[in-house]
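Here the structure is laid out as structure tokens; the discussion comes afterwards.
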Amino acid sequence: MEVLAGVHRRDGYPVNWPERPAEWLSQASSLGAWVAELDGRLVGHVSLSRSGEGDLAPGLWSERSGTSKDLTAVVSRLFVAPQARGHGVGALLIGRAVQEARRRGVHPVLDVVASDTAAAALYERLGWELMATVEQRWSPSQLVSIRCYTAAS
């Protein structure tokens, strides 16, 4: 939670600080979660889950591939401590989540806030394909642009 709070202060991720951060990290639909350590310190996190309410990429991938969105897994809750960036931690965490999705026979997808250009650049460097950018209403007063990605086949 300390690492997440530091990322939120520096980068604004998550956009809306969760009321219960521990529950947000250990979401009920989780298929797995992994953390990264560097020099004995926790520096990153990623999770893999089934499609949930508000996830856009699974539906887009389903339409594109002609299969059920139940055959997707959502990579989410990815963050790396600012002081640990540049060591490949984010790529390793994403790789681990993708490996688990493939082991389960589901296709990895993800949504990212369009304003998070560093995250989008990472996904694209790793070969993820942008399917669409979609506007999503998070509250009556909050309309957010979301980039929806699919992992390379």
Side-chain angles (χ1 to χ4, degrees), residues 1 3-5 7-8 11-37 42-81 85 88-153:
M1 302 271 271
V3 175
L4 180 61
V7 169
H8 179 71
D11 303 326
Y13 176 82
V15 172
N16 298 321
W17 184 254
E19 209 172 287
R20 295 181 186 92
E23 288 178 23
W24 183 80
L25 283 174
S26 61
Q27 55 199 353
S29 59
S30 185
L31 297 174
W34 299 269
V35 296
E37 289 183 1
L42 183 68
V43 296
H45 176 276
V46 71
S47 70
L48 185 69
S49 63
R50 292 284 179 201
S51 175
E53 184 180 338
D55 291 324
L56 300 171
L60 289 171
W61 185 82
S62 172
E63 289 172 16
R64 176 183 278 198
S65 66
T67 61
S68 169
K69 72 179 183 177
D70 293 337
L71 294 176
T72 64
V74 180
V75 176
S76 64
R77 311 303 196 249
L78 173 67
F79 57 92
V80 175
R85 294 178 186 165
V89 173
L92 288 171
L93 287 167
I94 292 169
R96 180 63 186 97
V98 167
Q99 177 184 29
E100 179 63 16
R102 294 210 165 115
R103 187 188 73 75
R104 291 173 176 265
V106 292
H107 186 79
V109 296
L110 62 84
D111 295 334
V112 64
V113 176
S115 61
D116 192 345
T117 56
L122 172 64
Y123 304 138
E124 290 172 13
R125 265 193 324 275
L126 296 175
W128 288 68
E129 180 187 340
L130 177 65
M131 293 184 286
T133 301
V134 180
E135 298 294 316
Q136 188 177 42
R137 183 154 303 280
W138 285 5
S139 74
S141 62
Q142 190 177 30
L143 184 65
V144 181
S145 228
I146 304 294
R147 295 172 63 95
C148 303
Y149 285 90
T150 178
S153 295

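Just so you know, residue 1 is the first one in the sequence shown, and it goes up from there.
- For the pair D55 (side chain) and G52 (backbone), a donor-acceptor distance under 3.5 Å is present.
- Rounding to the nearest 0.5 angstrom, the gap separating the CG atom in L143 from the CD atom in E135 is 4.5 Å.
- A 4.5 Å side-chain heavy-atom check between P14 and V113 finds every atom pair outside the cut-off.
- The side-chain heavy atoms of V109 and K69, taken from C-beta on, include no pair separated by under 4.5 Å.
- Between W17 and H8, the ring planes lie tilted relative to each other; the angle falls in the 30° to 60° range.
- Using cut-offs of 30° and 60° on the angle between ring planes, the pair Y13 and F79 is tilted.
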Please test R50 against V106 for side-chain contact (heavy atoms from CB on, under 4.5 Å), starting from the C-alpha separation and ending with a verdict. CA-CA 10 Å; R50 292 284 179 201; V106 292; 3.5 Å; yes

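- Annotation: the span from L71 atom CG to S51 atom OG amounts to 11.5 Å, rounded to 0.5 Å.
- To the nearest 0.5 Å, atom CG of residue D111 and atom OG1 of residue T133 are 10.5 Å apart.
- More than 12 heavy atoms of other residues, nucleotides or ligands lie within 6.0 Å of CD in Q142, so this atom counts as buried by the packing criterion.
- Residues forming a ring pair (Phe, Tyr, Trp, His ring centres under 6.0 Å) with W138 (at least two apart in sequence, or on another chain): none.
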Under 3.5 Å, which donor-acceptor pairs do the side chains of residues 123-130 form with other protein atoms, sequence neighbours left out?
from: E124; atom 1: OE2; to: R147; atom 2: NH2; distance (Å): 2.7
from: E124; atom 1: OE2; to: Y149; atom 2: OH; distance (Å): 2.5
from: E129; atom 1: OE2; to: R64; atom 2: NH1; distance (Å): 2.7

*Could you check I146 against V112 for side-chain contact (heavy atoms from CB on, under 4.5 Å), going step by step and ending with a plain yes or no?*
CA-CA 6 Å; I146 304 294; V112 64; over 6 Å; no

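- Counting all heavy atoms, side chain and backbone alike, M1 lies closest to L25 at SD-CD1, 4.2 Å.
- For the pair S30 (side chain) and S26 (backbone), a donor-acceptor distance under 3.5 Å is absent.
- Contact of the V3 side chain with the H45 side chain is not registered, since no non-hydrogen atoms from C-beta on lie closer than 4.5 Å.
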Take V15 and V144 through the test side-chain contact (heavy atoms from CB on, under 4.5 Å) and record every step on the way to the result.
CA-CA 10 Å; V15 172; V144 181; 5.6 Å; no

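- When all heavy atoms of L78 and G90 are compared, the closest pair comes out as CD1-O, 4.3 Å.
- Proximity of a side-chain donor or acceptor of H107 to a complementary backbone N or O of A151 within less than 3.5 Å is detected.
- Within a 6.0 Å sphere centred on CZ of R20, other residues, nucleotides and ligands contribute 12 heavy atoms or fewer.
- Atom-to-atom distance recorded for S76:OG and L110:CG is 9.0 Å, nearest 0.5 angstrom.
- Shown here for A73 and A101, the closest heavy-atom pair between the two residues is CB-CB, 4.2 Å.
- Nearest heavy atom pair, residue V35 against residue L42, reads CB-CD1, 3.2 Å.
- Checking side-chain atoms of R104 against main-chain N and O of L31 turns up a donor-acceptor pair under 3.5 Å.
- The heavy-atom pair separating G44 from L93 by the smallest distance is C-CD1, 3.7 Å.
- Distance check: T72 OG1 to L48 CG gives 9.5 Å after rounding to the nearest 0.5 Å.
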side-chain contact (heavy atoms from CB on, under 4.5 Å), that's the test. Do R103 and Q99 meet it? Break it down for me. CA-CA 6 Å; R103 187 188 73 75; Q99 177 184 29; 5.7 Å; no

